[in-house]
Amino acid sequence: MIDKKTIQGIIEKEIENSDLYLVETKVSSGNTISVMIDSLAGVPIIRCIELSRAIESHLDREVEDFELSVSSAGIGQTFQVIQQYHKNVGKNVEVLTTDGDKFIGKLLVVGENEIEIEVEELVKVEGKKKKQLVAKNLTFNFEQIKSTKDIITF
């Protein structure tokens, strides 16, 4: 079986002087290798092709056969690394807490140990007949977060 750390070492060497970062690497027992990369500016398909070829050049199919796919992180997928949070500052995200609560709001701040989002909720305001939409900032420690993903609103 191909070692995951070997694959990660190859990837890190190939992307070290670029704006790319590694999101996830998976290697199954049947040597199916799945690599997900991203960058703050997005990833053109040519970069995935180049990385795929670079990884293949370091492996020998005669010694051990494998299947390889290299892709970029997509919309609606959960964040795996801190760089994905930084990439999405100012955008709408969905945060699912370990308690099972779901919050949708604009990602405002990414700290070392937490994030802050701005959510809007309907609140009864004194002196008003109708509930008013009020913005409120919520802070979540990374330990409280089960998953976070970007969302598209139209």
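Every value quoted in this text rests on a predicted model; they were computed, and no experiment measured them.
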Asker: Hydrophobic clustering (ILVMFWY, side-chain heavy atoms < 4.5 Å, transitive) - are Leu68 and Ile37 grouped together?
Answerer: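 Yes, one cluster joins them.
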Asker: Atom CD in Gln144, atom CG in Leu96: separation rounded to 0.5 Å?
Answerer: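 The CG atom of Leu96 is 12.0 Å from CD of Gln144, to the nearest 0.5 Å.
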Asker: Is there side-chain contact between Leu59 and Ile33, with heavy atoms separated by less than 4.5 Å?
Answerer: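 Yes, their side chains come closer than 4.5 Å.
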Asker: With the 4.5 Å side-chain cut-off for hydrophobic clustering, are Met36 and Tyr21 part of the same group?
Answerer: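 Looking at the clustering, Tyr21 is in the same group as Met36.
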Asker: Test of understanding: clusters of I, L, V, M, F, W, Y form through side-chain heavy atoms closer than 4.5 Å, transitively. Do Val119 and Val89 belong to the same one?
Answerer: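 Yes, it is one cluster - the side chains of Val119 and Val89 are joined through contacts under 4.5 Å.
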Asker: Any chain of hydrophobic side-chain contacts (each under 4.5 Å) joining Val110 to Leu138?
Answerer: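 Yes; Leu138 is reachable from Val110 via cluster members.
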Asker: If you link I, L, V, M, F, W and Y whenever their side-chain heavy atoms are under 4.5 Å apart, who else ends up in the same group as Leu133?
Answerer: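 Leu122, which link up through side-chain heavy atoms under 4.5 Å apart, make up the rest of the cluster.
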Asker: Which residue pairs pass the salt bridge (Lys or Arg N to Asp or Glu O under 4.0 Å) test with at least one member in residues 109-128, sequence neighbours excluded?
Answerer: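 Residue pairs passing salt bridge (Lys or Arg N to Asp or Glu O under 4.0 Å), neighbours aside: Glu121-Lys136.
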Asker: What pairs of residues pass the ring pair (Phe, Tyr, Trp, His ring centres under 6.0 Å) test when at least one of them lies in residues 87-116, not counting sequence neighbours?
Answerer: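 Qualifying pairs, neighbours excluded: Phe103-Phe140.
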Asker: Evaluate Val95 against Ile145 for side-chain contact (heavy atoms from CB on, under 4.5 Å), listing each step before the verdict.
Answerer: CA-CA 7 Å; Val95 177; Ile145 300 172; 4.1 Å; yes
Asker: Hey, could you give me the CG/CD distance between Leu51 and Glu56, rounded to the nearest 0.5 Å?
Answerer: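 Reported to 0.5 Å precision, the distance equals 10.5 Å.
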Asker: Looking at CD1 of Ile115 and CD1 of Ile82, how far apart are the two atoms once the value is rounded to the nearest 0.5 Å?
Answerer: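 CD1 of Ile82 is found 8.5 Å from CD1 of Ile115.
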Asker: With sequence neighbours left out, write down each residue that passes salt bridge (Lys or Arg N to Asp or Glu O under 4.0 Å) with Lys106, or none if nothing qualifies.
Answerer: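 So Lys106 forms no salt bridge (Lys or Arg N to Asp or Glu O under 4.0 Å) with any residue.
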Asker: Roughly how far, to the nearest 0.5 Å, is the CZ atom of Arg53 from the CD atom of Glu14?
Answerer: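 Here the interatomic distance stands at 13.0 Å.
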Asker: Are any non-hydrogen side-chain atoms of Val35 and Ile55 less than 4.5 angstrom apart?
Answerer: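 Yes, close enough: below the 4.5 Å cut-off.
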Asker: Going by heavy atoms in the side chains, are Lys149 and Gln77 under 4.5 Å from each other?
Answerer: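 Counting from C-beta outward, Lys149 and Gln77 never come under 4.5 Å.
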Asker: Starting at CD of Glu50, measure out to OG of Ser18 and round the result to the nearest 0.5 Å.
Answerer: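 Taking CD in Glu50 and OG in Ser18, the distance rounds to 10.0 Å.
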Asker: Which pairs count as ring pair (Phe, Tyr, Trp, His ring centres under 6.0 Å) when at least one residue sits in residues 45-96, sequence neighbours excluded?
Answerer: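 Ring pair (Phe, Tyr, Trp, His ring centres under 6.0 Å) check on residues 45-96 returns Phe79-Tyr85, Tyr85-Phe142.
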Asker: Look only at the side chain of Asp99 and the backbone of Asp101, and say whether a donor-acceptor pair between them is shorter than 3.5 Å.
Answerer: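 No.
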Asker: Go through the steps for Ile104 and Ile117 under the test side-chain contact (heavy atoms from CB on, under 4.5 Å), then give the verdict.
Answerer: CA-CA 8 Å; Ile104 296 175; Ile117 66 171; over 6 Å; no
Asker: CD of Glu16 to CD1 of Ile11: how many Å apart, nearest 0.5 Å?
Answerer: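 Rounded to the nearest 0.5 Å, the CD-CD1 separation comes to 13.0 Å.
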Asker: Provide the full list of ring pair (Phe, Tyr, Trp, His ring centres under 6.0 Å) pairs with a residue in residues 106-138, sequence neighbours left out, each pair given once.
Answerer: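 Every pair satisfying ring pair (Phe, Tyr, Trp, His ring centres under 6.0 Å) with a residue in residues 106-138: there are none.
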Asker: Name all residues meeting the side-chain hydrogen bond (donor to acceptor under 3.5 Å, both in side chains) criterion together with Asn141; count only those two or more places apart in sequence or in a different chain, and write none if there are none.
Answerer: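 Scan of Asn141 (side-chain hydrogen bond (donor to acceptor under 3.5 Å, both in side chains), adjacent residues dropped) gives none.
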Asker: Is the side chain of Lys4 donor-acceptor paired with the backbone N or O of Thr25 at a distance under 3.5 Å, no angle test?
Answerer: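 Yes; at least one donor-acceptor contact below 3.5 Å.
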Asker: Side chains of Ile151 and Val93: does their closest heavy-atom pair fall under 4.5 Å?
Answerer: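 No, too far: nothing below the 4.5 Å cut-off.
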Asker: Identify, with sequence neighbours excluded, every residue that meets salt bridge (Lys or Arg N to Asp or Glu O under 4.0 Å) alongside Asp19.
Answerer: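 By the salt bridge (Lys or Arg N to Asp or Glu O under 4.0 Å) rule, Asp19 matches Arg47.
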Asker: Has Asp150 got a side-chain atom pairing as donor or acceptor with Ile75's backbone, closer than 3.5 angstrom?
Answerer: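 Answer holds: no.
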Asker: Is there side-chain contact between Val43 and Leu20, with heavy atoms separated by less than 4.5 Å?
Answerer: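 In contact.
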Asker: Among residues at least two apart in sequence or on other chains, which ones pass side-chain hydrogen bond (donor to acceptor under 3.5 Å, both in side chains) with Gln80?
Answerer: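 Here the qualifying residues are Thr78.
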Asker: According to the ring pair (Phe, Tyr, Trp, His ring centres under 6.0 Å) rule, which pairs have a member within residues 109-137, sequence neighbours left out?
Answerer: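 Counting only pairs at least two positions apart or across chains, no ring pair (Phe, Tyr, Trp, His ring centres under 6.0 Å) contact touches residues 109-137.
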Asker: side-chain contact (heavy atoms from CB on, under 4.5 Å), that's the test. Do Ile10 and Lys13 meet it? Break it down for me.
Answerer: CA-CA 5 Å; Ile10 294 167; Lys13 182 181 174 195; 5.9 Å; no
Asker: Does any part of the side chain of Thr97, heavy atoms only, come nearer than 4.5 Å to the side chain of Lys146, both counted from C-beta?
Answerer: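 Result no, sub-4.5 Å side-chain heavy-atom pair not found.
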Asker: Do any pairs count as a salt bridge (Lys or Arg N to Asp or Glu O under 4.0 Å) and have a residue in residues 72-92, sequence neighbours left out, and if so which ones?
Answerer: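 Qualifying pairs: Asp38-Lys87.
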Asker: Is there any side-chain hydrogen bond (donor to acceptor under 3.5 Å, both in side chains) pair reaching into residues 63-75, and which pairs are they, with sequence neighbours excluded?
Answerer: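 Listed by first then second residue: Asn31-Glu64, Arg61-Asp65.
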Asker: Can you confirm whether Ile2 sits close enough to Ile7 that some side-chain heavy atom of one is under 4.5 Å from a side-chain heavy atom of the other?
Answerer: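 Heavy-atom side-chain distance check passes, below 4.5 Å.
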